[in-house]
Amino acid sequence: MTDTPSAAPLAGRHILIVEDEWLLADHLDGIVTEAGGTVLGPFATADQALAALAGDAPRPDAATLNVVLLDHMSFDVADRLGALAIPYTFLSANRPYTLPERFRTTPLLGKPFADWQVVAALVALLDQAEPARTRTVG
């Protein structure tokens, strides 16, 4: 992740939120915004999220996905994010063993969660996605 003040660990980052529970979606929006990030969404359906990924919206740096959405599961969104090399975490009451095999090693933050856990999960995703930096001496 780029060097940012600890008070704004998501500064300059666009975070896609896919969550169908309005109160939780609003809360996640607040968590990301307070950490300095810009929210894309929140989107309540996989179709809305996929349309945003295909449209003119800024490309997300990372995403949180609820597994079960209003229209169906978020697996199509996860597949699209994977194809775009955008890191994501499931944010769900589901457990890893309930997910399709291809998603069992995907980060999953279980509900309920603390605000700091969401920020920490996103920071970890962003850190892992950044290429290793090489320092030149001299």
Side-chain angles (χ1 to χ4, degrees):
M1 193 165 140
T2 59
D3 295 328
T4 57
S6 60
L10 299 178
R13 302 305 189 130
H14 292 90
I15 308 299
L16 177 75
I17 296 174
V18 183
E19 173 60 60
D20 62 341
E21 295 179 35
W22 183 85
L23 287 176
L24 184 52
D26 187 57
H27 185 69
L28 288 167
D29 186 305
I31 292 169
V32 169
T33 301
E34 187 172 314
T38 300
V39 172
L40 303 177
F43 299 105
T45 69
D47 288 341
Q48 291 171 342
L50 290 169
L53 289 170
D56 294 333
R59 178 185 165 103
D61 296 297
T64 66
L65 307 176
N66 185 10
V67 173
V68 181
L69 299 170
L70 291 176
D71 55 351
H72 53 79
M73 307 295 240
S74 63
F75 302 140
D76 291 344
V77 179
D79 287 333
R80 183 68 185 136
L81 290 168
L84 294 170
I86 297 170
Y88 63 91
T89 183
F90 289 117
L91 206 149
S92 179
N94 289 58
R95 299 296 173 234
Y97 62 84
T98 66
L99 301 176
E101 187 68 35
R102 71 184 188 275
F103 297 119
R104 292 208 181 140
T105 59
T106 300
L108 185 145
L109 181 57
K111 293 178 183 177
F113 50 79
D115 294 5
W116 69 267
Q117 290 175 304
V118 174
V119 174
L122 288 168
V123 167
L125 287 173
L126 294 166
D127 284 348
Q128 291 173 0
E130 292 235 341
R133 294 188 176 153
T134 306
R135 290 191 167 201
T136 305
V137 178

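The two residues Phe43 and Ala52 make their nearest non-hydrogen contact at CZ-CB, 3.4 Å. Among all heavy-atom pairs drawn from Arg59 and Ile86, the shortest one is NH2-CG1, 3.4 Å. Nearest heavy atoms, Ala44 versus Asp20: O-CB, 3.4 Å. For the pair Leu109 and Ala121, the tightest heavy-atom approach, listed with the atom from each and the gap, is CD2-CB, 4.5 Å. Minimum heavy-atom separation, Ala8 to Gly36: CB-CA, 4.3 Å. Among all heavy-atom pairs drawn from Pro96 and Leu108, the shortest one is N-CD1, 4.3 Å.
Here the options are Leu65, Thr106, Val18, the test is side-chain contact (heavy atoms from CB on, under 4.5 Å), and the partner is Leu81; only Leu65 passes. Under the side-chain contact (heavy atoms from CB on, under 4.5 Å) test applied with Ile17, the options Ile31, Val39, Leu40, Asp26 reduce to a single match, Val39.
Rounding to the nearest 0.5 angstrom, the gap separating the CG atom in Leu69 from the CD atom in Glu21 is 10.0 Å. Here CD of Gln117 is found 12.0 Å from CG of Leu122. Values are rounded to the nearest 0.5 Å. Rounding to the nearest 0.5 angstrom, the gap separating the CD atom in Gln48 from the CG atom in Leu53 is 12.0 Å.
Between Ile15 and Leu28, the closest side-chain pair of non-hydrogen atoms is not below 4.5 Å. Contact check for Thr89 versus Thr64: side-chain heavy atoms found under the 4.5 Å cut-off. Within the 4.5 Å cutoff, the side chain of Arg80 has heavy atoms near those of the Leu50 side chain. Asn66 has its side chain out of reach of Leu24: every pair of non-hydrogen atoms, C-beta onward, lies at least 4.5 Å apart. Side-chain contact check for Val32 versus Arg13: every heavy-atom pair is 4.5 Å or farther apart. Side-chain contact check for Pro107 versus Leu125: some heavy-atom pair is nearer than 4.5 Å.
Both Val68 and Val77 belong to a common hydrophobic cluster when Ile, Leu, Val, Met, Phe, Trp and Tyr are linked at side-chain heavy-atom distances under 4.5 angstrom. Leu91 and Leu99 fall into different hydrophobic clusters, where Ile, Leu, Val, Met, Phe, Trp and Tyr residues are linked whenever their side-chain heavy atoms come under 4.5 Å apart, directly or through other members.
Every pair tested for ring pair (Phe, Tyr, Trp, His ring centres under 6.0 Å) that includes a residue from residues 49-72 fails, sequence neighbours excluded, so the list is empty. Applying the side chain to side chain donor-acceptor pair (under 3.5 Å) test to residues at least two apart or on different chains, the pairs with a partner in residues 28-38 are Asp29-Thr33. Applying the ring pair (Phe, Tyr, Trp, His ring centres under 6.0 Å) test to pairs two or more places apart or on separate chains, those with a residue in residues 75-96 are Phe75-Phe103, Tyr88-Phe90, Phe90-Phe103. For the ring pair (Phe, Tyr, Trp, His ring centres under 6.0 Å) condition, no pair includes a residue of residues 104-123, sequence neighbours left out.
The hydrophobic cluster containing Leu23 also includes Trp22, under a criterion of side-chain heavy atoms closer than 4.5 Å among ILVMFWY residues, counted directly or through chains of members.
In this view, Asp47 satisfies the salt bridge (charged side-chain N to carboxylate O under 4.0 Å, His left out) rule with no residue, not counting sequence neighbours.
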